[in-house]
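Reading through the structure tokens given below for one structure.
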Number of protein chains: 2
Amino acid sequence: MTDSALDLENGRVELGHGGGGRAMARLVDELFRAHLDNPFLAEGNDFGAFDVPGGRMVMSTDGHVIQPLFFPGGDIGSLAVHGTINDVSMAGARPLYLALGLVLEEGLPLRDLAAVVESVGRAARAAGVPVVTGDTKVVERGKADGLYITTTGVGLVPPGVEVGGANARPGDAVVLSGPIGEHGVAVLSRREGLGFESDVVSDSAPLHGLVSRMVEAVPELRCLRDPTRGGVAAALNEIAQQSGVGMLLRESAIPVRAPVRGACELLGLDPLHVANEGRLVAVCPPGRVDALLATMQTHPLGRDAVRIGEMVHDDHGFVELETAYGGRHLVDWLSGEALPRIC
Amino acid sequence: MTDSALDLENGRVELGHGGGGRAMARLVDELFRAHLDNPFLAEGNDFGAFDVPGGRMVMSTDGHVIQPLFFPGGDIGSLAVHGTINDVSMAGARPLYLALGLVLEEGLPLRDLAAVVESVGRAARAAGVPVVTGDTKVVERGKADGLYITTTGVGLVPPGVEVGGANARPGDAVVLSGPIGEHGVAVLSRREGLGFESDVVSDSAPLHGLVSRMVEAVPELRCLRDPTRGGVAAALNEIAQQSGVGMLLRESAIPVRAPVRGACELLGLDPLHVANEGRLVAVCPPGRVDALLATMQTHPLGRDAVRIGEMVHDDHGFVELETAYGGRHLVDWLSGEALPRIC
């Protein structure tokens with residue numbers, strides 16, 4: 001079977017597809033080169049080659065083990081593209097190129113693999129960030145869960161931009177690009193055994209266009225973070241810890257759409273702990289926050305951008321939330337395992 | 001348990017270690033930052049940032065699913081570093097930085113994880129190629145096999161160097177850097193159920209130092225390839241196919257050490273199909289092969305470098321082997337699944 005053309009209708013991934021021989025060459029040609037078609041991959045080397053101008057470069061890598069593979073608003077393929085584009089963008093950088101590493105489980109239907117690879121291609125083309133190199137491994141039945149994808153991206157930081165988690169200072173404004181929790185709730189709504197349904201769609205999206213406008217309008221931007229695993233709570237705690245500064249948020253300012261709020265109540269989750277894949281938090285000097293919000297609101301992915309709080313003096317780097325009734329409580333990291341394999 | 005320090009003696013990977021919360025932050029701090037310690041990781045961002053001069057850059061990614069995790073001459077950690085350094089080097093490039101993506105199975109002993117991460121750190125330091133960013137995901141028990149590692153590397157191609165699989169021409173010489181099959185045999189010797197023992201040690205090694213000397217001495221070098229999965233047979237067939245040129249090899253010139261030859265006979269394998277992780281094949285103009293061999297032999301990893309054949313006119317791009325008795329046969333790709341999870 002491995003010597004004939006791929007049977008995308010009824011075929012399945014076999015161990016031979018990862019063996020470095022003829023079957024693998026066929027998988028690469030008929031699936032990867034076909035769907036990811038670009039001049040870099042067409043060269044057929046084990047590397048992608050490209051010219052870069054000198055400057056500040058960033059590199060980021062992200063494994064994707066999401067379950068289920070397909071969910072409302074995306075799939076593991078589009079997510080793997082968006083996730084890494086976003087990690088590179090959080091440096092204030094312009095993402096340039098992606099590398100794609102797949103671990104496939106023997107027995108995975110080839111039509112599922114084809115759907116995922118097609119989705120990778122579509123997302124990469126839409127974002128203008130090509131996959132220039134890749135690798136495929138196959139493990140035995142029961143040694144993976146369909147497939148895992150590790151994407152790595154490189155990008156260039158525009159001159160003058162210095163974004164990093166350690167740059168926040170007391171008085172800085174904290175901004176959120178839109179309503180939270182939609183990716184996590186969308187994925188959980190397709191998990192078996194959780195006993196809840198929902199029409200929520202993942203917010204999965206590439207944020208580099210939005211970030212590009214932000215750093216152009218406000219080059220003084222201090223921090224950017226995409227609140228994925230661990231949610232907004234983790235992203236803000238990381239910034240506070242790295243910068244050695246506290247943070248005070250207004251609960252009423254944090255946008256959570258009604259279906260997400262309802263699902264979180266049902267599941268016993270705090271929306272602040274639920275993963276997002278198309279949102280960002282930003283910290284900027286207080287005098288620049290109006291300009292930043294105005295710019296963000298001109299972009300479809302920043303239309304609902306709001307100021308949610310500010311950085312405050314606090315050597316412990318605590319993140320606190322002021323409730324609608326004037327009380328305060330700590331916004332802690334998620335400590336347990338409430339949401340495994342959400343991305 | 002997840003809120004206390006890591007128990008590296010008796011602890012195991014838990015789902016919470018991948019949840020983006022406090023347990024994950026602890027894993028990153030106590031294990032990854034500790035063993036991979038460098039200023040890039042210390043910044044604590046989701047990306048690594050570095051300055052590059054302008055020029056031709058390459059990027060390569062490689063998943064590692066080897067089983068067992070520890071084998072004579074290395075482990076999945078050192079292999080993941082060497083494998084990606086080598087892929088970048090095969091562009092004639094100088095590897096600069098690595099990204100490390102891990103998928104961990106719930107229940108993996110933390111001491112095994114620590115041993116692997118320590119090995120990654122050791123190999124990266126020895127090679128002078130730091131891990132500047134990383135990512136960890138955890139999947140449920142039975143959804144991985146201990147751990148999988150995807151490493152991605154970037155590097156710069158020295159000006160004037162143009163190495164690629166499509167550059168071979170009729171008359172060019174084909175060179176091999178040393179004896180073949182040692183990685184594959186070393187790994188198989190530790191597989192249960194194969195019923196054979198062996199003292200063979202993997203050749204796993206970073207080839208960038210050797211390559212650097214080669215491209216400096218012979219900038220006209222046409223192709224480089226590391227014969228990993230699929231062995232020398234696959235690497236040479238890839239070059240022949242990409243270049244649209246045939247290849248004629250002399251069987252007697254291809255070095256295979258006695259214990260490897262013996263193990264291959266026992267297992268019914270052709271050494272040409274067995275994976276290597278510290279060898280390379282090179283193609284260069286015939287007038288430069290003596291200079292190339294002389295340079296390679298000055299490096300510990302090229303001490304046994306030999307010319308094994310030459311490129312010949314052949315529109316089919318066939319690779320042929322001339323036996324000791326003057327007969328010829330085709331060197332084909334491995335078509336089946338003889339050697340799953342060898343890297």
Side-chain angles (χ1 to χ4, degrees), chain A residues 2-3 14-16 18-23 43-63 65 87-88 90-91 97 99 101 103 132-135 137-139 142-145 148 150 152 154 164-165 229-230 234 242 333-337 339-341, chain B residues 2-3 14-16 18-23 25 43-63 65 87-88 90-91 97 99 101 103 132-135 137 139 142-145 148 150 152 154 164-165 229-230 234 242 333-337 339-341:
Chain A
T2 51
D3 264 17
E14 304 168 17
L15 284 173
R22 200 177 287 280
E43 292 188 6
N45 291 313
D46 272 348
F47 51 82
F50 42 84
D51 293 313
V52 288
R56 189 94 180 134
M57 187 161 233
V58 296
M59 182 180 195
S60 190
T61 198
D62 220 350
V65 299
D87 280 344
V88 169
M90 294 307 117
Y97 301 105
V103 174
V132 297
T133 189
D135 177 68
K137 294 290 188 299
V138 181
V139 296
K143 299 294 185 188
D145 200 0
Y148 302 142
T150 301
T152 309
V154 292
R229 265 187 298 179
Q242 277 179 264
W333 308 71
L334 192 65
S335 69
E337 62 198 53
L339 294 165
R341 302 185 55 191
Chain B
T2 50
D3 264 18
E14 304 168 16
L15 283 174
R22 200 177 287 280
E43 292 189 5
N45 291 314
D46 272 347
F47 51 81
F50 43 85
D51 293 314
V52 288
R56 189 95 180 134
M57 185 162 234
V58 296
M59 182 181 196
S60 190
T61 197
D62 221 351
V65 299
D87 280 343
V88 169
M90 294 308 116
Y97 302 105
V103 174
V132 298
T133 189
D135 177 68
K137 293 290 186 303
V139 296
K143 299 293 186 190
D145 200 1
Y148 302 142
T150 301
T152 309
V154 292
R229 265 188 298 180
Q242 278 180 263
W333 308 69
L334 191 66
S335 70
E337 60 197 52
L339 294 165
R341 302 184 57 193

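As the structure is a prediction and not an experimental result, all values here were calculated from the model. Chain A is the first sequence line, chain B the second, and so forth, proteins listed ahead of strands; every chain is numbered from 1.
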_Option that, when pairs with chain B are counted at under 4.5 Å, heavy atom only, ranks first among A/Val88, A/Val154, A/Val139_ = A/Val139
*asked:* Quick one: does any side-chain atom of B/Gln242 pair with a main-chain N or O of A/Glu43 as donor and acceptor, under 3.5 Å?
replied: yes
*Side chain of B/Ser60, backbone of A/Asp46: donor and acceptor closer than 3.5 Å?*
yes
*So which of A/Gly230, A/Gly164, A/Ala234, A/Gly48 has the biggest tally of heavy-atom pairs under 4.5 Å with chain B?*
A/Gly48
*Within the side chain of A/Asn45, is there an N or O that forms a donor-acceptor pair under 3.5 Å with the backbone of B/Gly165?*
yes
With a 3.5 Å cut-off and sequence neighbours excluded, list the donor-acceptor pairs that the side chains of residues 49-58 of chain B form with protein atoms.
{"unit_1": "B/Asp51", "atom_1": "OD1", "unit_2": "A/Arg56", "atom_2": "NH1", "d": "3.4"}
{"unit_1": "B/Asp51", "atom_1": "OD2", "unit_2": "A/Arg56", "atom_2": "NH1", "d": "3.3"}
{"unit_1": "B/Arg56", "atom_1": "NH1", "unit_2": "A/Asp51", "atom_2": "OD1", "d": "3.4"}
{"unit_1": "B/Arg56", "atom_1": "NH1", "unit_2": "A/Asp51", "atom_2": "OD2", "d": "3.3"}

*Reported CG-to-NZ distance for the pair A/Asp145 and B/Lys143, which is rounded to 0.5 angstrom*: 4.0 Å
*Inter-residue atom distance A/Phe47.CZ - B/Met59.CE, 0.5 Å rounding*: 14.0 Å
*Using salt bridge (charged side-chain N to carboxylate O under 4.0 Å, His left out) as the criterion, list what pairs up with A/Asp135, not counting sequence neighbours.*
A/Lys137, B/Arg229
*Looking at B/Thr61 and A/Ala99, what are the two nearest heavy atoms and their distance?*
CB-CB, 3.8 Å
*Check the pair A/Val103, B/Tyr148 against side chain to side chain contact (heavy atoms under 4.5 Å, CB included), reporting the backbone distance first and the verdict last.*
CA-CA 9 Å; A/Val103 174; B/Tyr148 302 142; 4.1 Å; yes
*Between B/Gly18, B/Ala25, B/Gly142, the one whose heavy-atom pairs under 4.5 Å with chain A are most numerous*: B/Gly18
